[in-house]
Amino acid sequence: MNGVRHFLLAVQFFTRVPVTGKLAAWVGFSPQMLRAAAAHLPAIGWIAGGVAAAVFVAVGAGLPGVAGALVAAVLSTVATVMLTGAFHEDGLADVADGLGGSASRERALEIMKDSRIGAFGAVALVLALGLKFGLLAALAARGLDVAAVSIVGAHVLSRLAPLFLIRWLPYVGDSSGSKAKPLADAISGGALLVAVLWAAPAVALLLCAHDAVHVGAALVALVLAGGWMARLFVRRLQGFTGDGLGATQQVCELAIYLALAWKA
């Protein structure tokens, strides 16, 4: 039953789905459990992606055309933001503020701890959301089913990339106040395998709506985007932070959409 506990802890930590009362008491908590729960992060992608895809299809069916697809993209994103508490979007904004606001490692880390959003963070969010809406509208032009499958696949696979950062890079965030502190120690190879097993069916799902070339390109884009983020964090921060994990998920999700939407 430990696997079920770890999954429910991941739901509790990475979403706003209530895990309370007797269920929460049964699940329990410890830093070691949270570290193990990280293996189920791609499973959270199935939940978030499923909700986003359902909203996208429901809205897109009622509002046809490009304008309808854009509205569907906006509302499906609203649904995921409400579900996750903007967990990853907040990380993207903080990373943009920190790395854009200072060339100094120490100052960048200090800026990233500030809960206020700055100019770089605001611009990054606007550009990322605008790109996401446009790419989802482009995918919807091939069919609502294609867009829905793409949303689910991107949410799942993009949540795999941050786990490799935890595995390979040292933690350099605020050890006293960060919610990601329990993830500071590298996750085990077994936990990483569990995450891969959660993510693997997403590849098969994408193959139901896209040809092998596009799916292969999406996987390459995932690796390149995740690798670029890792290199950026090593060069600028000498490691990862909790915000960096969220930013990596966002960048990888966009990279997957771009590869899937690209005309072969």
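Everything numeric here is computed off the predicted structure, so don't read it as measured data.
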Could you tell me which non-hydrogen atom of [X] sits nearest to which non-hydrogen atom of [Y], and how far apart they are?
X	Y	result
Gly60	Ala72	N-CB, 3.9 Å
Leu254	Ala128	CD2-O, 3.7 Å
Ala79	Val55	CB-CG2, 3.9 Å
Leu222	Leu157	CD1-O, 3.7 Å
Leu136	Ala147	O-CB, 4.4 Å
Gly153	Leu206	CA-CD2, 4.1 Å

Any donor-acceptor N/O pair, [X] side chain to [Y] backbone, under 3.5 Å:
X	Y	value
Trp168	Leu163	no
Arg35	Ile187	no
Arg159	Gln249	no
Gln12	Val19	yes
Asp97	Gly121	yes
Arg105	Leu237	yes
His155	Gly50	no
Arg142	Ala261	yes

Can you get from [X] to [Y] by hopping between Ile, Leu, Val, Met, Phe, Trp and Tyr side chains that sit under 4.5 Å apart?
X	Y	result
Val17	Met33	yes
Trp228	Leu245	yes
Leu92	Val81	no
Leu219	Met229	yes
Ile151	Trp262	yes

Given the rule in the side-chain contact (heavy atoms from CB on, under 4.5 Å) test, do Phe87 and Phe13 qualify, once you have shown the distances and angles that lead to the verdict? CA-CA 10 Å; Phe87 197 67; Phe13 187 80; 4.0 Å; yes
Would you please test Leu192 and Phe164 for side-chain contact (heavy atoms from CB on, under 4.5 Å) and show each step? CA-CA 8 Å; Leu192 200 57; Phe164 285 92; 3.7 Å; yes
Counting C-beta onward and ignoring hydrogens, is there a side-chain heavy-atom pair between [X] and [Y] closer than 4.5 Å?
X	Y	value
Phe56	Leu75	no
Val74	Leu70	no
Tyr257	Leu139	yes
Trp46	Leu205	yes
Lys132	Glu253	yes
Phe240	Val172	no
Thr15	Ile44	yes
Val51	Thr80	no

[atom1]/[X] to [atom2]/[Y] distance, rounded to the nearest 0.5 angstrom?
X	Y	atom1	atom2	result
His214	Leu207	NE2	CG	12.5 Å
Thr241	Leu165	OG1	CG	9.5 Å
Leu34	Ser30	CG	OG	8.0 Å
Ile111	Asp243	CD1	CG	12.0 Å
Asp114	Met112	CG	CE	12.0 Å
Phe233	Leu99	CZ	CG	6.5 Å

Arg235, CZ atom: more than 12 neighbouring heavy atoms under 6.0 Å: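 Yes - once you tally the heavy atoms of other residues, nucleotides and ligands closer than 6.0 Å, there are more than 12.
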Verify the neighbour count for atom CZ of Phe133: are there more than 12 heavy atoms of other residues, nucleotides or ligands below 6.0 Å?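 Atom CZ in Phe133 is crowded, with more than 12 foreign heavy atoms closer than 6.0 Å.
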Can you tell whether the side chains of Lys113 and Glu110 come within less than 4.0 Å, N to carboxylate O?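 Result for this pair is no, no salt bridge flagged.
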Given the rule in the side-chain contact (heavy atoms from CB on, under 4.5 Å) test, do Val4 and Trp26 qualify, once you have shown the distances and angles that lead to the verdict? CA-CA 10 Å; Val4 177; Trp26 177 77; 4.0 Å; yes
side-chain contact (heavy atoms from CB on, under 4.5 Å) for Trp198 and Val156? Distances and angles first, verdict last. CA-CA 8 Å; Trp198 272 116; Val156 174; 5.7 Å; no
So, Ser150 versus His210: side-chain donor-acceptor pair below 3.5 Å or not?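 Distance-only check passes for Ser150 and His210.
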Anything under 30° is parallel, anything over 60° is perpendicular, the rest tilted; go ahead and classify His6 against His40.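 The rings of His6 and His40 sit tilted, inter-plane angle from 30° to 60°.
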